[in-house]
Protein chains: 2
Amino acid sequence: MKDAMKDAMKDAMKDAMTSPDAPPLQPIGVAVDVILFTILDDTLQVLLVDRLSQPFDGLRAVPGGLVERREELACAARRILRAQTGLDVDWLEQLYTFDAVDRDPRRRVLSVSWYALVAPNALEDEAVPESAWGAAWHPARALPALAFDHARQIEAAMTRLRYKIEYTPAAFHLLDSTFTLSELQRVYEVILAQELDKRNFRRRVQSLDLVEETGQLRREGTRRPARLYRFRDEGFERAGGGVLLRF
Amino acid sequence: MKDAMKDAMKDAMKDAMTSPDAPPLQPIGVAVDVILFTILDDTLQVLLVDRLSQPFDGLRAVPGGLVERREELACAARRILRAQTGLDVDWLEQLYTFDAVDRDPRRRVLSVSWYALVAPNALEDEAVPESAWGAAWHPARALPALAFDHARQIEAAMTRLRYKIEYTPAAFHLLDSTFTLSELQRVYEVILAQELDKRNFRRRVQSLDLVEETGQLRREGTRRPARLYRFRDEGFERAGGGVLLRF
DNA sequence: CCAAAAGTGTTCTCCATACACCCATGC
DNA sequence: GCATGGGTGTATGGAGAACACTTTTGG
């Protein structure tokens with residue numbers, strides 16, 4: 001007997017053993033949607049897939065799907081992301097639960113929305129597969145027409161992301177494990193949509209002990225090589241979860 | 001025929017008309033829980049009800065219950081709050097969706113958690129009814145044993161509230177429509193769990209144009225009467241949603 | 001030697017903080 | 001007149017903002 005079948009039987013038995021006063025089932029579906037960000041070409045980008053069936057046939061959508069019966073939501077989000085894009089993310093956070101009664105025209109489906117960050121190097125390694133899903137990056141500030149309430153979801157995720165990078169080190173998840181300070185600054189500039197002063201930025205980052213030198217250099221093209229840094233966990237712990245980088 | 005019955009029939013018909021490719025039903029329940037805060041006796045308090053049945057029989061819980069099939073989550077939260085406590089809140093915000101597979105021992109039930117604020121005067125007007133629910137206020141920092149994951153939910157709500165009052169005017173919902181500056185300060189002190197300097201506090205509030213004088217005085221007991229203020233929406237709009245009060 | 005990005009200090013202003021005394025009232 | 005909270009101003013230090021030039025490399 002296959003393990004999957006055993007599991008299914010265990011689930012069925014567990015359901016049968018449900019206590020008699022279990023609350024009645026409501027026919028409300030539960031989905032997760034994932035807004036996946038990266039930075040490409042100095043632009044904040046969102047991953048979208050093609051919808052190939054009704055409703056919203058032909059539009060784009062963020063990766064999403066129904067949650068399984070005994071599956072935690074974060075697991076569902078990761079499973080769906082991997083299935084539709086081939087990507088594993090190391091950072092994923094719950095955004096909001098979207099609940100408009102008619103957000104899915106077929107029937108009531110809640111969407112527990114998540115947002116996630118990947119470094120652009122993850123893209124080369126695993127590559128977004130040109131599968132049936134047609135996963136592709138789109139500039140977050142120039143999106144095509146989207147299915148369901150996904151435009152609002154992305155809007156909310158961008159707002160949240162702006163706040164997030166100012167008081168947590170989330171921005172580092174948009175970079176390789178080693179990076180130059182200019183790259184880090186560009187992440188902040190792209191997300192905040194404003195230019196930052198190079199000297200002030202570097203002073204802040206370094207005085208907070210958020211980074212440490214690797215001793216390596218990145219040499220690229222015909223210009224001065226840049227020092228490579230890595231993120232220091234302890235820097236953030238010490239900061240006590242307070243404001244890190246407010247510009 | 002009663003309207004309720006007509007509605008039920010309409011719902012049934014709508015379901016019947018559901019498109020053939022509607023996603024399959026998952027047996028996942030959807031509940032809302034509401035963490036309702038007020039300030040009483042210079043203490044942050046949470047409203048709890050008694051559980052009178054399994055699971056967690058005899059423990060306290062925050063007000064909560066299952067969402068109806070065609071009901072928006074915020075409406076469900078308000079409906080449940082009114083049913084179990086008799087209170088209407090004017091401020092209610094989604095907190096987080098709690099999803100541990102075994103958070104309800106009977107079967108899989110998601111909880112979309114909300115938090116809400118009421119001014120203490122609402123309590124006198126509508127009074128928390130000593131109904132079967134046994135709704136009562138408890139100091140948020142000295143809670144009894146709680147059902148489900150409600151202790152974690154309250155923890156999360158308190159953390160969120162601390163942040164919230166620093167960059168939005170949410171704190172005003174814990175006060176009457178007119179209030180003294182000392183009352184406002186006490187709200188901040190109680191939530192942040194730290195004393196604030198009276199002169200600095202007043203300077204901040206007034207320089208942000210968050211309040212305006214009503215011209216009224218509150219005379220109370222054997223001491224100097226205090227000026228009454230009201231909240232000014234425009235103050236917050238002008239502040240552009242940025243940081244309001246950081247102490 | 002030229003182009004392109006890396007790297008580096010100082011000044012000024014403003015805002016957060018710290019701090020102590022008089023005021024108005026009811027009894 | 002006294003107890004109680006209401007109400008007010010100033011001085012200091014530190015952090016954010018503004019600002020421009022030199023360095024290193026490959027071609």
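Proteins come first, then strands; the chains are lettered A, B, ... in the order of their sequence lines, and each starts at number 1.
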inquiry  = Just the rounded figure in Å: distance from C1' of C:dT8 to CZ of A:F201.
reply    = 16 Å

Residues B:T214 and B:T178: side-chain donor-acceptor under 3.5 angstrom = no

ask   = Between B:L184 (CG) and D:dG6 (P), how many Å, whole number?
value = 13 Å

task = Heavy atoms under 4.0 Å is the rule here; annotate nucleotides 18-27 of chain C 5' to 3' with B where the base is hit, S where only the sugar-phosphate is, and - elsewhere.
result = BBB--BBBB-

inquiry  = Classify A:R202 by what it touches in the nucleic acid, base, sugar-phosphate, or nothing, heavy-atom distance under 4.0 Å.
reply    = base

task = Using whole Å, report how far CZ of A:R204 lies from P of C:dG9.
result = 18 Å

Show me the donor-acceptor pairs, under 3.5 Å and distance only, between side chains in residues 33-43 of chain A and residues at least two apart or in other chains.
unit_1, atom_1, unit_2, atom_2, d
A:D33, OD2, A:S111, OG, 2.6
A:D33, OD2, A:H150, NE2, 3.4
A:D33, OD2, A:Q153, NE2, 3.4
A:T38, OG1, A:V118, O, 2.8
A:T43, OG1, A:D41, O, 2.9

query = Below 4.0 angstrom from OP1 or OP2 of C:dA6, is there any side-chain N or O of A:S182?
reply = yes

message = Tell me the interatomic distance from B:L196, atom CG, to C:dT17, atom C1', rounded to whole angstroms.
response = 12 Å

inquiry  = I want to check something: taking the side chain as every heavy atom from C-beta on, are B:L210 and B:F172 in contact at a cut-off of under 4.5 Å?
reply    = yes

request  = Please answer whether the main-chain N or O of A:D176 pairs with a side-chain N or O of A:N121 as donor and acceptor at a distance below 3.5 Å.
outcome  = no

note = Correct closest heavy-atom pair for B:E166 and B:L192 would be OE2-CD2, 3.8 Å

message = Which residue is it: A:L81, A:L48, A:V32, A:L87? I am looking for the one with a side chain to side chain contact (heavy atoms under 4.5 Å, CB included) to A:P63.
response = A:L81

N/O contacts under 3.5 Å, protein versus nucleotides 12-14 of chain D?
none

ask   = Taking the inter-plane angle between the rings of A:Y115 and A:W91 on a 0 to 90° scale, is it parallel (under 30°), tilted (30 to 60°) or perpendicular (over 60°)?
value = perpendicular

task = Grab the CD-P distance between B:Q185 and D:dG6 for me, whole Å please.
result = 9 Å

inquiry  = In this structure, how many angstroms lie between the P atom of C:dA6 and the CG atom of A:L228, rounded?
reply    = 11 Å

query = Would you find a donor on one side and an acceptor on the other, under 3.5 Å apart, between the side chain of A:R227 and the backbone of A:L181?
reply = no

request  = Write down the distance between CG (A:D42) and C1' (C:dA5), rounded to a whole number of angstrom.
outcome  = 13 Å

ask   = Do NZ/NE/NH1/NH2 and the carboxylate oxygens of B:D88 and B:R82 come within less than 4.0 Å?
value = yes

ask   = Taking OH from A:Y188 and P from D:dG16, how many angstroms apart are they, rounded to a whole number?
value = 14 Å

